[in-house]
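See below for the structure under consideration.
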Amino acid sequence: MHRGEYANGTNNERMDLYRRCEKEGVGISVMKPFSGGQLLEDRTSPFGKKLTRIQCIQYALDKPGVLTVLPGIRGKEDLLEILKYVTASEEEKDYSIIGNFTPIDAKGKCVYCNHCMPCPAGLDIGLINKYYDLARLGDNLAKDHYMNLEKTAKDCITCGHCNMRCPFKVNQVDRMKEIKEYFGK
Ligand code: SF4
Ligand code: SF4
């Protein structure tokens with residue numbers, strides 16, 4: 001996010017890399033999902049606000065191509081903390097708070113977090129957006145997955161609920177129209 005020591009390159013460059021890996025069938029293991037522990041305290045977080053381990057893990061796992069995370073573990077206590085992810089609730093995994101401290105260039109871009117859910121028309125908004133972004137890069141598998149979805153962008157009733165809920169200010173109503181046009185459904 002242009003800050004700290006670990007996040008080199010722009011947000012867009014990194015997203016392109018994740019999508020390319022997914023397209024080419026390269027699985028990503030995320031090292032340092034807590035940015036060396038920096039993200040876990042207000043004092044050290046490059047955003048000035050801490051996140052929980054569960055939020056950091058979910059954020060990493062939601063990125064295209066990511067299969068696993070490998071946090072550093074100092075002992076049993078750390079391990080038990082990390083394993084709480086396995087039984088965490090959807091609320092605990094929700095990292096949409098980062099929408100409040102996301103740099104300008106990440107605004108308006110879907111990060112597939114699904115904070116805008118539930119959709120009254122039953123669309124899986126994050127997944128639809130992920131398949132769309134991947135398909136546009138030539139990922140035929142993502143296209144196939146999209147074509148097999150029970151609910152697609154054509155089912156959007158343009159209610160605007162997702163636009164109101166999205167912390168990243170994505171205009172999802174317009175995006176659904178664009179996605180429908182692209183896939184023809
Ligand atoms: S539209 Fe916004 S809230 Fe919904 S999945 Fe995308 S980034 Fe998350
Ligand atoms: S605008 Fe479309 S995608 Fe968004 S919540 Fe309403 S029906 Fe679902």
Side-chain angles (χ1 to χ4, degrees), residues 1 11-28 30 33 51-52 54-69 85-185:
M1 291 297 187
N11 196 39
N12 289 345
E13 282 171 326
R14 288 197 298 279
M15 281 303 275
D16 286 348
L17 178 64
Y18 302 146
R19 291 186 191 119
R20 183 170 167 205
C21 285
E22 172 127 344
K23 181 183 152 205
E24 314 263 343
V26 176
I28 301 172
V30 174
L51 293 166
T52 66
I54 293 168
Q55 287 171 317
C56 293
I57 291 172
Q58 190 61 50
Y59 177 85
L61 289 176
D62 279 347
K63 295 291 151 286
V66 172
L67 300 181
T68 189
V69 293
Y85 174 82
V86 179
T87 52
S89 65
E90 289 309 308
E91 286 73 31
E92 288 172 303
K93 291 178 181 173
D94 182 0
Y95 52 81
S96 57
I97 181 80
I98 67 169
N100 297 336
F101 39 81
T102 295
I104 305 293
D105 79 341
K107 287 234 188 307
K109 299 206 171 62
C110 184
V111 299
Y112 327 124
C113 68
N114 268 346
H115 186 73
C116 50
M117 299 281 274
C119 162
L123 276 68
D124 187 331
I125 298 171
L127 199 59
I128 286 173
N129 277 269
K130 194 188 270 189
Y131 288 158
Y132 174 53
D133 288 338
L134 291 168
R136 281 192 304 168
L137 285 172
D139 185 335
N140 289 329
L141 203 57
K143 188 176 175 188
D144 272 3
H145 288 329
Y146 179 89
M147 294 315 240
N148 286 322
L149 285 175
E150 201 177 312
K151 299 277 184 177
T152 60
K154 78 164 178 0
D155 298 303
C156 171
I157 55 172
T158 66
C159 68
H161 175 259
C162 51
N163 279 16
M164 281 186 297
R165 295 254 306 149
C166 176
F168 302 91
K169 312 264 185 292
V170 176
N171 185 340
Q172 201 54 252
V173 175
D174 280 0
R175 195 131 153 118
M176 284 298 169
K177 287 179 193 154
E178 188 184 314
I179 295 173
K180 178 179 139 197
E181 202 131 299
Y182 180 85
F183 288 112
K185 67 185 275 193

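Hydrogens, waters and symmetry mates play no part in the numbers below; they use all other heavy atoms, side chains included. Positions are given from 1 along the sequence. Everything quoted here is computed from the prediction, not taken from an experiment.
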Kindly compute the distance separating CE (Met147) from NZ (Lys185), expressed to the nearest 0.5 Å. 5.5 Å
Quick one: does any side-chain atom of Asp155 pair with a main-chain N or O of Thr152 as donor and acceptor, under 3.5 Å? yes
Might you point out which heavy atoms bring Lys109 and Phe168 nearest each other, and give the distance in Å? O-CB, 4.0 Å
Give a yes or no on whether the backbone of Pro118 and the side-chain of His161 come within a donor-acceptor separation of less than 3.5 Å. yes
Can you find a heavy atom in the side chain of Thr158 that is under 4.5 Å from one in the side chain of Lys177? yes
For Cys116 and Arg165, which heavy atoms make the closest approach, and how far apart are they? CA-CB, 3.7 Å
Before accepting this row, confirm whether a basic side-chain N of the pair Arg136/Asp133 lies closer than 4.0 Å to the acidic partner's carboxylate O. yes
Is the number of heavy atoms from other residues, nucleotides or ligands under 6.0 Å of Lys180 NZ greater than 12? no
Does some side-chain heavy atom of Lys63 sit less than 4.5 Å from a side-chain heavy atom of Val111? yes
Is it the case that atom CZ in Arg20 sees more than 12 heavy atoms from other parts of the structure closer than 6.0 Å? no
Ignoring hydrogens and geometry, is there a side-chain-to-backbone donor-acceptor pair from Gln55 to Glu92 under 3.5 Å? no
Going through the distances and angles, do Lys130 and Arg19 end up as a side chain to side chain contact (heavy atoms under 4.5 Å, CB included)? CA-CA 9 Å; Lys130 194 188 270 189; Arg19 291 186 191 119; over 6 Å; no
All heavy atoms of Ile157 vs all of Pro120, minimum pair found to be CD1-CG, 4.4 Å
Any idea which heavy atoms bring Asp62 and Cys113 closest together, and the distance? OD2-CA, 4.1 Å
Roughly how far, to the nearest 0.5 Å, is CD1 of Ile97 from NE2 of His115? 9.0 Å
So, do Gln172 and Asn129 sit near enough that their side-chain heavy atoms are less than 4.5 Å apart? yes
Would a distance-only check, ignoring hydrogens and angles, find a side-chain to backbone donor-acceptor pair under 3.5 Å from Tyr182 to Ala135? yes
For the residue pair Leu127 and Tyr131, establish whether any side-chain heavy-atom pair is separated by less than 4.5 Å. yes
Treating Asn114 as the side-chain partner and Gly126 as the backbone partner, does any N or O pair qualify as donor plus acceptor under 3.5 Å? yes
When the ring planes of Tyr146 and Phe183 are compared, do they come out parallel, tilted or perpendicular, using 30° and 60° as the limits? parallel
CG/Leu61 to SG/Cys56 distance, rounded to the nearest 0.5 angstrom? 11.0 Å
Check side chain to side chain contact (heavy atoms under 4.5 Å, CB included) between Cys119 and all other residues, then give those that pass, not counting sequence neighbours. Met117, Ala121, Leu123, Ile125
Stepwise side chain to side chain contact (heavy atoms under 4.5 Å, CB included) check, Leu134 with Lys143: CA-CA 8 Å; Leu134 291 168; Lys143 188 176 175 188; over 6 Å; no
Between Met176 and Ala153, the two heavy atoms sitting closest are O-CB, 3.3 Å
With a 4.5 Å limit on heavy-atom distance, are the side chains of Tyr85 and Val69 in contact? no
Spacing of Arg175 atom CZ and Tyr132 atom OH [to the nearest 0.5 Å]: 6.0 Å
Please check if any side-chain donor atom of Asn163 sits under 3.5 Å from a side-chain acceptor atom of Asp174, or the reverse. no
Answer yes or no: is there a side-chain heavy-atom contact under 4.5 Å between Asp139 and Glu22? yes
Lys93 atom NZ: more than 12 heavy-atom contacts under 6.0 Å: yes
Below 4.5 Å, heavy atoms only, C-beta onward: do Asp124 and Lys151 meet side chain to side chain? no
Would you check if Leu51 and Ile98 make a side-chain contact, meaning some heavy-atom pair closer than 4.5 Å? yes
Closest non-hydrogen contact found for Pro64 with Met15 is CD-CE, 4.4 Å
Please indicate whether Glu181 has more than 12 foreign heavy atoms, meaning atoms of other residues, nucleotides or ligands, lying under 6.0 Å from its CD. no
